Amino acid sequence: MSAPPVLTELKLSAEMQDAINKAFEIQKPIVVAYVDESAAPQISYRGSTQAYSDTQLAIWVRNPEGRLLESIAKNPAMALMYGNFEPTGRAFMTLRGRARVDGSEAVRHKVYESAHPFERDKDKDRKGVAIIIDLDSVDGFFGGAMLKMRR
């Protein structure tokens, strides 16, 4: 049996993007990790996490007063985890990057509209904020390949 291929170019395939975009829908929401304003590690599920491009993720943060925005203003480093351990769809990805708020109306519109309807329904007045995460690395296993992707 030969070793699986290793992907090193930092570029999310269409299949990876689709998996990320459907994670909440298939009840495998993305876990987000960041360091809060007091330097304590925090983790949370973010159902609005989505692929924004082949090197970026986005999150619609419903509460602009929440600790995530305050935290990334001080330390933009984030890690996100996707996992599917079903025998027919086994895949996992640890995605690391730098988060930033993008307040432009075009980005806000795109991120909000691309979020799962459940997430949009929780912020019908669109008071939330769009975060873009510029990826630095992706590690894991997806589509039969080992992931060791780097910027």
Side-chain angles (χ1 to χ4, degrees), residues 4-35 41-64 66-69 71-73 75-151:
V6 178
L7 304 181
T8 58
E9 178 187 5
L10 183 57
K11 183 176 181 182
L12 298 174
S13 68
E15 294 81 10
M16 290 173 187
Q17 292 181 44
D18 189 54
I20 291 166
N21 293 342
K22 290 182 178 173
F24 183 81
E25 184 179 323
I26 64 168
Q27 300 177 354
K28 298 181 185 328
I30 304 289
V31 176
V32 174
Y34 60 97
V35 177
Q42 300 295 325
I43 59 173
S44 65
Y45 290 106
R46 295 291 169 159
S48 66
T49 305
Q50 57 197 262
Y52 190 76
S53 74
D54 58 8
T55 61
Q56 296 172 309
L57 301 178
I59 299 172
W60 182 258
V61 179
R62 296 188 311 250
N63 180 5
R67 85 183 340 169
L68 176 60
L69 298 179
S71 299
I72 66 170
N75 182 351
M78 288 186 76
L80 301 92
M81 184 170 282
Y82 168 86
N84 183 347
F85 294 94
E86 294 175 8
T88 58
R90 186 173 169 270
F92 57 93
M93 293 181 278
T94 301
L95 308 107
R96 292 178 187 85
R98 294 158 281 113
R100 59 186 164 79
V101 172
D102 191 318
S104 71
E105 198 50 45
V107 171
R108 290 185 83 249
H109 179 79
K110 180 179 178 182
V111 173
Y112 178 86
E113 291 299 326
S114 297
H116 189 276
F118 177 86
E119 292 290 327
R120 291 195 312 263
D121 286 348
K122 299 291 185 187
D123 187 14
K124 290 180 181 177
D125 296 332
R126 298 181 188 214
K127 293 183 179 181
V129 175
I131 291 179
I132 302 297
I133 301 134
D134 298 306
L135 294 174
D136 293 317
S137 67
V138 179
D139 293 288
F141 182 82
F142 194 94
M146 295 297 298
L147 307 178
K148 294 183 181 198
M149 302 171 153
R150 301 290 180 270
R151 178 173 297 283

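Model, not experiment: these values are computed from the prediction.
- Counting heavy atoms of neighbouring residues, nucleotides and ligands inside a 6.0 Å radius, atom CD1 of Ile26 exceeds 12 of them.
- Arg46 places no side-chain N or O within 3.5 Å of a backbone atom of Ile30 that could act as its donor or acceptor partner.
- Of the inter-residue distances, the one linking Asp121 atom CG with Arg62 atom CZ reads 10.0 Å to the nearest 0.5 angstrom.
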Mind listing the side-chain donor-acceptor pairs of residues 83-95 below 3.5 Å, one per line with the distance, residues two or more places apart or on another chain?
{"unit_1": "Asn84", "atom_1": "OD1", "unit_2": "Glu86", "atom_2": "N", "d": "3.0"}
{"unit_1": "Asn84", "atom_1": "ND2", "unit_2": "Gly89", "atom_2": "O", "d": "3.4"}
{"unit_1": "Glu86", "atom_1": "OE2", "unit_2": "Lys28", "atom_2": "NZ", "d": "3.2"}

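- With contacts defined as side-chain heavy-atom distances shorter than 4.5 Å, the pair Pro29/Thr49 does not qualify.
- Residues satisfying the side chain to side chain donor-acceptor pair (under 3.5 Å) test with Arg96, not counting sequence neighbours, are Asp139.
- Glu105 and Arg108 are joined by a salt bridge, as a carboxylate oxygen and a charged side-chain nitrogen come within less than 4.0 angstrom of each other.
- Between Ala115 and Ser48, the shortest heavy-atom contact is CB-CB, 3.9 Å.
- To the nearest 0.5 Å, atom CG of residue Asp102 and atom OH of residue Tyr52 are 6.5 Å apart.
- Residues Ala51 and Ile20 come closest through the heavy atom pair N-CG2, 3.8 Å.
- Side-chain contact check for Leu7 versus Val138: every heavy-atom pair is 4.5 Å or farther apart.
- Between Asp123 and Lys127, no side-chain nitrogen of the basic residue sits less than 4.0 Å from a carboxylate oxygen of the acidic one, so the salt-bridge criterion is not met.
- Identified under the side-chain hydrogen bond (donor to acceptor under 3.5 Å, both in side chains) test for residues 4-15, with sequence neighbours left out: Ser13-Glu15.
- Residues Leu147 and Met16 are in side-chain contact: their nearest non-hydrogen atoms beyond the backbone lie under 4.5 Å apart.
- Taken to the nearest 0.5 Å, the CD atom of Glu113 stands 9.5 Å off from the CH2 atom of Trp60.
- Counting heavy atoms from C-beta on, the side chains of Val111 and Ile132 come closer than 4.5 Å.
- Formation of a donor-acceptor pair under 3.5 Å by the Gln17 side chain with backbone atoms of Leu12 is found in this model.
- Taking 4.5 Å as the limit, some side-chain heavy atom of Arg67 sits within range of a side-chain heavy atom of Tyr34.
- Residue Asp134 holds its CG atom at 10.0 Å from CG of Leu10, rounded to the nearest 0.5 Å.
- Under the 4.5 Å side-chain criterion, counting only non-hydrogen atoms from C-beta, Arg126 is in contact with His109.
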